[in-house]
K.L.:
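I'd like to ask some things about the structure below.
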2 protein chains.
Amino acid sequence: MHDGVPIGEAARASGVKVPTIRYYEQVGLLPEPPRTEGNRRLYGGRHLRRLAFIRHARELGFEVEAIRTLLDLQDNPGQSCSPADSIARLRLKDVEERIARLTALKAELQRMIDGCSHGTVADCRVIEVLADHGACASPTHR
Amino acid sequence: MHDGVPIGEAARASGVKVPTIRYYEQVGLLPEPPRTEGNRRLYGGRHLRRLAFIRHARELGFEVEAIRTLLDLQDNPGQSCSPADSIARLRLKDVEERIARLTALKAELQRMIDGCSHGTVADCRVIEVLADHGACASPTHR
DNA sequence: GCTACATCCTCTAGCGACTAGAGGAGCAAG
DNA sequence: CTTGCTCCTCTAGTCGCTAGAGGATGTAGC
């Protein structure tokens, strides 16, 4: 029965950097852990699990505000999960939109690069396309 | 022969917001235009073309620093275009990586959402997957 | 006990690319 | 001459951290 691990070990265990952990505490995602006599944070299993949750959610691109809501839901498991569901759906929609935009960008960049004759800037396709949107395939990127 | 348009019209013409145009001037992407007696900026064709260039480059996701280089190149058209080429290639690589990551995320989010039984949080798949990375298909997202 | 060194603490400031807002001046139309 | 729009400068805020200063605490070896 020990009373917890220091922040450095929590960082190693979770893959979240030490200052980031303190930042999560500061913005209220992670509750303040107990401290040692010497004022050092001691993280127990509950904190470590919450930290893992946060990290995973951040990896999936959820914003801090969304994670706050998701954590609230996790704390009250009797509620309907539809808020969680809709947060995830919104996130999915966002990801899909990004993919679509980036795919269009990719095509445009590829066209730019493929058309480059490796001469001087004067007849560089990259510069030309940037200067003249009309020379661009997709008028609606971004 | 007129001497230029005010910033609001430049904004409408370019699709760049007024404060953003001023910001570009501040960080040195857009040269300071002449002013009227009443101290208002007046943009001529040269400025508007440069603004369009910047906008298009930003839409393609180039960073301000990269755009600075690209504009320098455009100003000296006798040089080799290989710096422009390599900036564009780096950008393409970045876009490709993002697409790959987002595609993995999309799959994970989809799985989450599809598994959601729309009951309570207690057995919500969304919350569960976030809490337990082991339940996640791709351990290497992001 | 003493020294070295790692780890921890708080606090402030910086990143990129804007965006928002305060507080005021200029200008065109009625 | 007033209304209402556009414009000006300036500062501060956004997001999610990250870096660094300056100091306290903890641990291992001698």
Side-chain angles (χ1 to χ4, degrees), chain A residues 2-30 32-43 47 50-51 53-71 87 90-91 94 98 101 142, chain B residues 2-30 32-43 47 51 53-71 87 90-91 94 98 101 105 142:
Chain A
H2 52 44
D3 35 356
V5 300
I7 197 168
E9 208 174 312
R12 275 187 292 280
S14 66
V16 178
K17 291 186 194 148
V18 168
T20 306
I21 295 177
R22 286 196 279 247
Y23 167 76
Y24 287 153
E25 180 181 321
Q26 192 186 305
V27 298
L29 275 195
L30 197 59
E32 294 188 30
R35 305 268 186 139
T36 65
E37 277 189 21
N39 197 34
R40 297 179 170 213
R41 291 166 179 85
L42 275 190
Y43 294 95
H47 289 94
R50 188 164 270 239
L51 191 50
F53 186 105
I54 295 169
R55 191 202 168 187
H56 198 189
R58 285 295 301 138
E59 278 177 345
L60 288 170
F62 290 97
E63 291 174 5
V64 164
E65 257 317 293
I67 297 175
R68 213 187 296 279
T69 307
L70 292 169
L71 283 168
I87 287 173
L90 275 178
R91 177 71 192 127
D94 182 47
R98 274 170 209 261
R101 276 215 315 263
R142 166 88 103 167
Chain B
H2 51 44
D3 37 355
V5 300
I7 197 167
E9 209 175 312
R12 275 187 292 281
S14 65
V16 179
K17 290 184 193 149
V18 168
T20 305
I21 296 178
R22 287 197 278 247
Y23 167 77
Y24 287 154
E25 180 182 320
Q26 193 187 303
V27 298
L29 274 194
L30 198 59
E32 293 186 31
R35 305 268 184 140
T36 66
E37 277 188 23
N39 197 34
R40 298 181 169 211
R41 291 168 179 83
L42 275 189
Y43 295 95
H47 288 94
L51 192 50
F53 186 105
I54 295 168
R55 192 206 166 186
H56 196 189
R58 284 296 298 137
E59 278 177 343
L60 288 169
F62 290 97
E63 291 174 5
V64 164
E65 258 317 291
I67 297 175
R68 212 187 296 279
T69 306
L70 292 169
L71 284 167
I87 286 173
L90 274 177
R91 178 71 193 128
D94 182 48
R98 274 169 208 261
R101 276 215 314 263
L105 288 197
R142 185 63 113 180

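On a predicted model such as this, the values are computed, not experimentally measured, just so you know. To find a chain, count down the sequence lines: A is the first, B the second, and so on, and within it residues start at 1.
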K.L.:
How bent is the helix from dG1(C)-dC30(D) to dG30(C)-dC1(D), measuring the angle between the end axes built from five pairs each, rounded to 10°?
P.N.:
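The angle, to the nearest 10 degrees, is 10°.
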K.L.:
Quick one: does V64(A)'s side chain get under 4.5 Å of R68(A)'s, heavy atoms only?
P.N.:
yes
K.L.:
In whole Å, I'd like the distance from the CD atom of E65(A) to the P atom of dT14(D).
P.N.:
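Interatomic distance, CD of E65(A) to P of dT14(D): 12 Å.
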K.L.:
Within the structure, does a side-chain N or O atom of T20(A) lie under 4.0 Å from either OP1 or OP2 of dG16(D)?
P.N.:
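Indeed not, no polar side-chain atom of T20(A) lies that close.
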K.L.:
Working to the nearest 0.5 Å, report the span between NE2 of H56(A) and CG of L70(A).
P.N.:
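Spacing of NE2 (H56(A)) from CG (L70(A)) equals 12.0 Å.
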K.L.:
Going by number, which of residues 6-13 of chain B have a non-hydrogen atom under 4.0 Å from DNA chain D?
P.N.:
P6(B), I7(B), G8(B)
K.L.:
Please list each protein N or O that sits under 3.5 Å from an N or O in nucleotides 1-5 of chain D, with the distance.
P.N.:
none

K.L.:
Just by distance, do the side chain of R91(B) and the backbone of G61(B) share a donor-acceptor pair under 3.5 Å?
P.N.:
yes
K.L.:
Within less than 4.0 Å of OP1 or OP2 of dC18(C), is there a side-chain N or O belonging to K17(B)?
P.N.:
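So the side-chain polar atoms of K17(B) never come under 4.0 Å of the phosphate oxygens OP1 or OP2 of dC18(C).
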K.L.:
Starting from P on dC15(D), measure out to CD on Q26(A) and report it in whole angstrom.
P.N.:
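Distance check: Q26(A) CD to dC15(D) P gives 14 Å.
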K.L.:
Once you round to the nearest 0.5 Å, how far does OG1 of T69(A) lie from CZ of F62(A)?
P.N.:
11.0 Å
K.L.:
With a 3.5 Å cut-off and sequence neighbours excluded, list the donor-acceptor pairs that the side chains of residues 15-29 of chain B form with protein atoms.
P.N.:
from	atom 1	to	atom 2	distance (Å)
E25(B)	OE1	R41(B)	NE	2.9

K.L.:
Quick one: R58(A) CZ to dC15(D) P, roughly how many Å, whole number?
P.N.:
12 Å
K.L.:
Using a 4.0 Å heavy-atom cut-off, write out nucleotides 23-30 of chain C from 5' to 3' as B (base contacted by protein), S (sugar-phosphate only) or - (no contact).
P.N.:
--BBS---
K.L.:
I want to check one thing: is the phosphate of dT25(D), taken as OP1 and OP2, less than 4.0 Å away from some side-chain N or O of R41(A)?
P.N.:
no
K.L.:
Counting just side-chain N and O atoms, does Y24(B) come under 4.0 Å of either OP1 or OP2 of dA17(C)?
P.N.:
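So the side-chain polar atoms of Y24(B) never come under 4.0 Å of the phosphate oxygens OP1 or OP2 of dA17(C).
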K.L.:
Whole-Å distance between dG16(D) C1' and I21(A) CD1?
P.N.:
15 Å
K.L.:
Can you see if the side chain of R35(B) gets near the phosphate of dC7(D) - specifically, an N or O under 4.0 Å from OP1 or OP2?
P.N.:
no
K.L.:
Can you tell me how far the CD1 atom of I67(B) sits from the CG atom of L30(B), to the nearest 0.5 Å?
P.N.:
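Here the rounded value is 11.5 Å.
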K.L.:
Atom CD of E59(A) to atom C1' of dG16(D): distance rounded to whole Å?
P.N.:
15 Å
K.L.:
Rounded at 0.5 Å granularity, tell me how far CG in D3(A) sits from OG1 in T36(A).
P.N.:
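Here the rounded value is 9.0 Å.
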K.L.:
Measure the CZ-CZ distance between R101(A) and R98(A) for me, rounded to the nearest 0.5 Å.
P.N.:
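Atom-to-atom, R101(A):CZ and R98(A):CZ are 6.5 Å apart.
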K.L.:
Provide the full list of side chain to side chain donor-acceptor pair (under 3.5 Å) pairs with a residue in residues 4-14 of chain B, sequence neighbours left out, each pair given once.
P.N.:
none
K.L.:
I want to check one thing: is the phosphate of dT9(D), taken as OP1 and OP2, less than 4.0 Å away from some side-chain N or O of R22(B)?
P.N.:
no
